[in-house]
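Everything on this sheet refers to the single structure shown next.
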Amino acid sequence: MAENRPTPPDVDRVAASRAAVAARRARAAVKAEIAAGKRTPLAVLAAAIEHPDGVEGRLRATEFLVSIPAIGVTKMRRIMTQLEISPSKRLGGLGKHQRDRLRLFLANRTVSRRGSSDAHLVVLAGPTAVGKGAVAGYIRENYPDVLLSVSATTRAPRPGEVEGTSYFFVTDAEFDRMVASGELLEWAVVHNAFRYGTPREPVEQALASGHSVLLEIDLQGARSVRAAMPEARMVFLLPPSWDELVRRLIGRGTESPAEQARRLETAKLELAAQDEFDFRVVNQEVNVAAREVVDLMNLRKAPSLL
Ligand SMILES: Nc1nc2c(ncn2[C@@H]2O[C@H](COP(=O)(O)OP(=O)(O)O)[C@@H](O)[C@H]2O)c(=O)[nH]1
Ligand SMILES: Nc1ncnc2c1ncn2[C@@H]1O[C@H](COP(=O)(O)OP(=O)(O)O)[C@@H](O)[C@H]1O
């Protein structure tokens with residue numbers, strides 16, 4: 001009968017609900033593909049960014065993460081908090097920084113899952129002038145089996161520093177390019193001055209072939225690595241005392257008195273972060289501290305010199 005025929009608004013409603021069912025099915029299919037390993041999470045994220053209103057773009061970040069094998073609800077919540085993404089966000093609606101953080105998290109997760117279980121990424125951080133450079137240098141000289149990551153930096157070489165061993169010295173434009181192409185595992189502006197970053201490729205290769213890698217980086221970099229790769233071993237180098245830290249900073253003589261005062265203020269904040277780390281090593285004697293750090297790396301072969 002004519003009066004039982006759906007009126008135009010009903011027709012709209014039926015069509016809308018059919019479309020909603022179809023969209024839900026399409027999202028479920030994408031999640032199933034991720035869960036089965038048929039599509040990588042990075043590929044799905046790329047599609048979501050390209051088409052924010054497409055099926056991938058309409059996926060909620062929460063459902064996207066839990067469809068990844070080995071990520072359950074608890075882990076997903078932790079990741080969302082770490083990446084500062086609210087649970088209501090869809091992949092297509094993520095802000096630029098959220099996207100970058102999620103992409104970095106997914107890329108680094110791929111790296112760490114490929115590595116063998118006894119290879120560790122070990123991060124050595126600590127306050128300015130505690131002796132990070134001295135301990136890392138000692139390890140470089142005396143433990144040839146340790147793979148020490150060589151950072152890229154925009155600062156100029158100092159006398160005696162060797163390109164590709166001390167650092168990769170790059171221009172601002174080159175550093176921009178490395179950031180944009182995702183070549184860096186993490187990067188930070190250190191001491192309000194120059195940019196420093198860890199090239200991803202050598203770390204990836206080392207872990208994939210079962211070798212532990214040591215990163216000597218600043219606190220911001222350490223936090224980025226921890227957020228992206230929660231299984232990294234975080235080591236905080238401590239001075240024997242505050243007075244000794246001051247002595248080392250002044251004794252090094254590489255900063256002006258004003259810069260020394262500024263760094264000491266920063267050092268207080270840095271020291272306050274020590275509880276964020278898994279291990280604390282006191283740098284009383286360089287060789288002893290170096291050995292403690294190396295012991296945390298699960299090296300297969302003992303160094304011949306000690
Ligand atoms: N985030 C980050 N920090 C780094 C990296 N490489 C070095 N650093 C830090 O940069 C800081 C400055 O190092 P350096 O230029 O050798 O100068 P110094 O501290 O004045 O001797 C140190 O705190 C290092 O730990 C890196 O790849 N990433
Ligand atoms: N265990 C130690 N005992 C005495 N002096 C040290 C020790 N470790 C480092 N130093 C000295 O302290 C100063 C700061 O060390 P450095 O490695 O440059 O620190 P960081 O890289 O943490 O800024 C340098 O002059 C270094 O020779």
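For ligands, and for the atoms within them, numbers begin at 1 and follow the listed sequence. Values in this document were obtained by computation on a predicted structure and should not be read as measured data.
- Remark: ligand 1 and W187 share no N or O pair separated by less than 3.5 Å (distance only, no angle test).
- For the pair L219/F277, a side-chain contact is recorded, criterion being any heavy-atom separation below 4.5 Å from C-beta on.
- What sits closest to atom 6 (N) of ligand 1 on the protein, heavy atoms only, is S151 OG, 3.0 Å.
- Proximity of A129 to ligand 2 is established by a heavy-atom distance of less than 4.0 Å.
- The protein atom (non-hydrogen) at minimum distance from atom 14 (P) of ligand 1 is Y167 OH, 3.3 Å.
- Put simply, part of E216 is less than 4.0 Å from ligand 1, judged by heavy atoms.
- Among protein heavy atoms, the minimum distance from atom 17 (O) of ligand 2 is reached at A134 N, 2.8 Å.
- Closest to atom 15 (O) of ligand 1, if we only count protein heavy atoms, is Y196 OH, 2.5 Å.
- Residue F279 holds its CZ atom at 11.0 Å from CG of D295, rounded to the nearest 0.5 Å.
- Of all protein heavy atoms, the one closest to atom 19 (O) of ligand 2 is G131 N, 3.2 Å.
- Under the 3.5 Å distance criterion, the side-chain polar atoms of R233 are left unmatched by any main-chain donor or acceptor of M297.
- Not one N or O of E244 is nearer than 3.5 Å to an N or O of ligand 2, by distance alone.
- Heavy-atom distances between F194 and ligand 1 stay at or above 4.0 Å for every pair.
- In this structure, L147 and L214 have side chains that are not in contact, with every pair of non-hydrogen atoms separated by 4.5 Å or more.
- Close approach to G221 involves these atoms of ligand 1, each under 4.0 Å from a residue heavy atom: 1 (N).
- With hydrogens left out, the protein atom closest to atom 28 (N) of ligand 1 is E186 OE2, 2.7 Å, a heavy atom.
- Using a 4.5 Å heavy-atom cutoff, the side chains of K96 and D100 are in contact.
- Closest heavy-atom contact between A290 and I139: CB-CG1, 3.7 Å.
- Side-chain contact between I68 and M76 is absent, with no heavy atoms from C-beta onward closer than 4.5 Å.
- An N or O contact shorter than 3.5 Å links G133 to ligand 2 by distance.
- Note: no N/O pair closer than 3.5 Å links T128 and ligand 2 by distance alone.
- Atom 7 (C) of ligand 2 has its closest protein heavy atom at R248 CZ, 3.5 Å.
- Residue contacts with ligand 1 include R263, since one or more of its heavy atoms lies under 4.0 Å from the ligand.
- Salt-bridge annotation for E183 and R177: present, with a side-chain N of the basic residue lying under 4.0 Å from a carboxylate O of the acidic one.
- By the 4.0 Å heavy-atom criterion, R158 is counted among the residues contacting ligand 1.
- Of the protein's non-hydrogen atoms, the one nearest atom 11 (C) of ligand 1 is V190 CG1, 3.5 Å.
- Ligand 1 has at least one atom lying under 4.0 Å from a heavy atom of T198.
- Per-atom contact check: atom 3 (N) of ligand 2 touches the protein, criterion being a heavy-atom distance below 4.0 Å.
- Closest heavy-atom contact between A70 and K75: O-NZ, 3.3 Å.
- Residues L91 and E63 fail the side-chain proximity criterion, which asks for heavy atoms closer than 4.5 Å.
- Within the structure, the closest approach of G197 to ligand 1 falls below 4.0 Å when heavy atoms are considered.
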CA sep, side-chain torsions, deciding dist, call: T62, R60, side chain to side chain donor-acceptor pair (under 3.5 Å): CA-CA 5 Å; T62 48; R60 281 192 200 284; 5.5 Å; no
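- Taking every non-hydrogen atom of A188 and a distance limit under 4.0 Å, the qualifying atoms of ligand 1 come out as 1 (N).
- Looking at atom 3 (N) of ligand 1, its nearest protein heavy atom turns out to be D218 N, 3.1 Å.
- Between E216 and G133 the shortest heavy-atom distance is OE1-CA, 3.8 Å.
- The distance criterion of under 3.5 Å between nitrogen or oxygen atoms is met by K132 with respect to ligand 2.
- Of the protein's heavy atoms, K132 CE, 3.6 Å lies nearest to atom 23 (O) of ligand 1.
- Residue, atom and distance of the protein heavy atom nearest to atom 8 (N) of ligand 2 are N283 ND2, 3.0 Å.
- The distance from ligand 1 to the heavy atoms of R252 drops below 4.0 Å at these ligand atoms: 21 (O).
- For E216, the closest heavy-atom approach to ligand 2 does not fall below 4.0 Å.
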